[in-house]
Amino acid sequence: QVQLVESGGGLVQAGGSLRLSCAASGSIFSIGTMGWYRQAPGKQRELVATISSGGRTYYADSVKGRVTISRDNAKNTVYLQMNSLKPEDTAVYYCNADVKIRVGPLYDYDGYWGQGTQVTVSS
């Protein structure tokens with residue numbers, strides 16, 4: 001079984017910084033793309049950033065220049081460093097990972113989600 005555990009959320013003042021972490025554990029053969037999403041109350045979940053297994057990154061226009069996504073493959077962990085936070089960044093942040101596991105003689109590549117961590121930015 002694969003589990004993703006997030007940490008690092010909390011309350012921060014506008015202009016402040018937070019670093020989110022998400023560690024994957026379980027019967028993992030390899031991990032492909034990992035990413036961060038966020039969802040505010042009454043709004044749809046939106047993509048924040050992704051990073052491929054080779055380190056290629058993508059950022060949504062709303063956060064570009066203020067956040068950095070990174071990963072530590074040895075620890076099966078993805079990070080999201082957020083700076084210059086704004087009240088509109090307030091949301092529940094979820095991590096996602098494409099995880100390859102072994103099922104008998106074959107392999108399965110599925111997407112897994114973390115439980116989410118609350119980020120609140122006060123004005």
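Because the structure is a prediction, the values reported are computed rather than measured.
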**Message:** Filter on side-chain hydrogen bond (donor to acceptor under 3.5 Å, both in side chains), then keep only pairs touching residues 83-95, sequence neighbours left out; what's left?
**Reply:**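 Of all non-adjacent pairs touching residues 83-95, those that pass side-chain hydrogen bond (donor to acceptor under 3.5 Å, both in side chains) are Ser17-Asn83, Arg38-Asp89, Arg38-Tyr93, Arg66-Asp89, Gln81-Asn83.
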**Item:** Pairs touching residues 22-31 that satisfy side-chain hydrogen bond (donor to acceptor under 3.5 Å, both in side chains), sequence neighbours left out
**Value:**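 For residues 22-31, and leaving out neighbouring residues, there are no side-chain hydrogen bond (donor to acceptor under 3.5 Å, both in side chains) pairs at all.
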**Message:** Does anything in residues 35-71 form a ring-ring contact (aromatic ring centres under 6.0 Å, His included)? List the pairs, not counting sequence neighbours.
**Reply:**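 Listed by first then second residue: Tyr37-Trp113.
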Tell me whether [X] contacts the main-chain N or O of [Y] through its side chain, where contact means a donor paired with an acceptor under 3.5 Å.
{"X": "Ser53", "Y": "Gly32", "result": "no"}
{"X": "Glu6", "Y": "Cys95", "result": "yes"}
{"X": "Thr77", "Y": "Lys75", "result": "yes"}
{"X": "Arg102", "Y": "Gly104", "result": "yes"}
{"X": "Arg71", "Y": "Gly55", "result": "no"}

**Message:** Quick check: is Val63 connected to Val121 through a chain of hydrophobic side chains (ILVMFWY, heavy atoms under 4.5 Å apart)?
**Reply:**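 In one cluster with Val121: Val63, yes.
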**Prompt:** If you group Ile, Leu, Val, Met, Phe, Trp and Tyr by side-chain heavy-atom gaps below 4.5 Å, do Leu47 and Val92 land in one group?
**Reply:**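 Linked, Leu47 and Val92 end up in one cluster.
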**Request:** List for me each residue that meets side-chain contact (heavy atoms from CB on, under 4.5 Å) alongside Val99, sequence neighbours excluded, and say none if there are none.
**Result:**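 Expected list: Val2, Ile28, Ile31, Ala97, Ile101, Tyr112.
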**Request:** For Asp61, check side chain to side chain donor-acceptor pair (under 3.5 Å) against everything at least two apart and list the hits.
**Result:**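 Per chain and number, Asp61 pairs via side chain to side chain donor-acceptor pair (under 3.5 Å) with Lys64.
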Can you tell me how far [atom2] of [Y] sits from [atom1] of [X], rounded to the nearest 0.5 angstrom?
{"X": "Arg45", "Y": "Asn96", "atom1": "CZ", "atom2": "CG", "value": "9.0 Å"}
{"X": "Gln13", "Y": "Ser123", "atom1": "CD", "atom2": "OG", "value": "10.0 Å"}
{"X": "Asp110", "Y": "Asp98", "atom1": "CG", "atom2": "CG", "value": "9.0 Å"}

**Message:** Between Leu80 and Val48, does the side chain to side chain contact (heavy atoms under 4.5 Å, CB included) criterion hold? Intermediate values first, please.
**Reply:** CA-CA 9 Å; Leu80 188 70; Val48 177; 4.2 Å; yes
**Message:** Using the ring-ring contact (aromatic ring centres under 6.0 Å, His included) criterion, which residues pair with Phe29? Sequence neighbours excluded.
**Reply:**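 Counting only residues at least two positions away or on another chain, Phe29 forms a ring-ring contact (aromatic ring centres under 6.0 Å, His included) with Tyr107.
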**Atom of Gln115, atom of Val5 and distance for their closest heavy-atom approach** =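 Result for this residue pair: OE1-CA, 3.8 Å.
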**Request:** Kindly determine whether Leu20 and Thr117 satisfy side chain to side chain contact (heavy atoms under 4.5 Å, CB included), including the steps that lead there.
**Result:** CA-CA 8 Å; Leu20 308 182; Thr117 183; 4.2 Å; yes
**Request:** Could you please spell out the steps behind the side chain to side chain contact (heavy atoms under 4.5 Å, CB included) verdict for Thr33 and Ile51?
**Result:** CA-CA 6 Å; Thr33 299; Ile51 182 168; over 6 Å; no
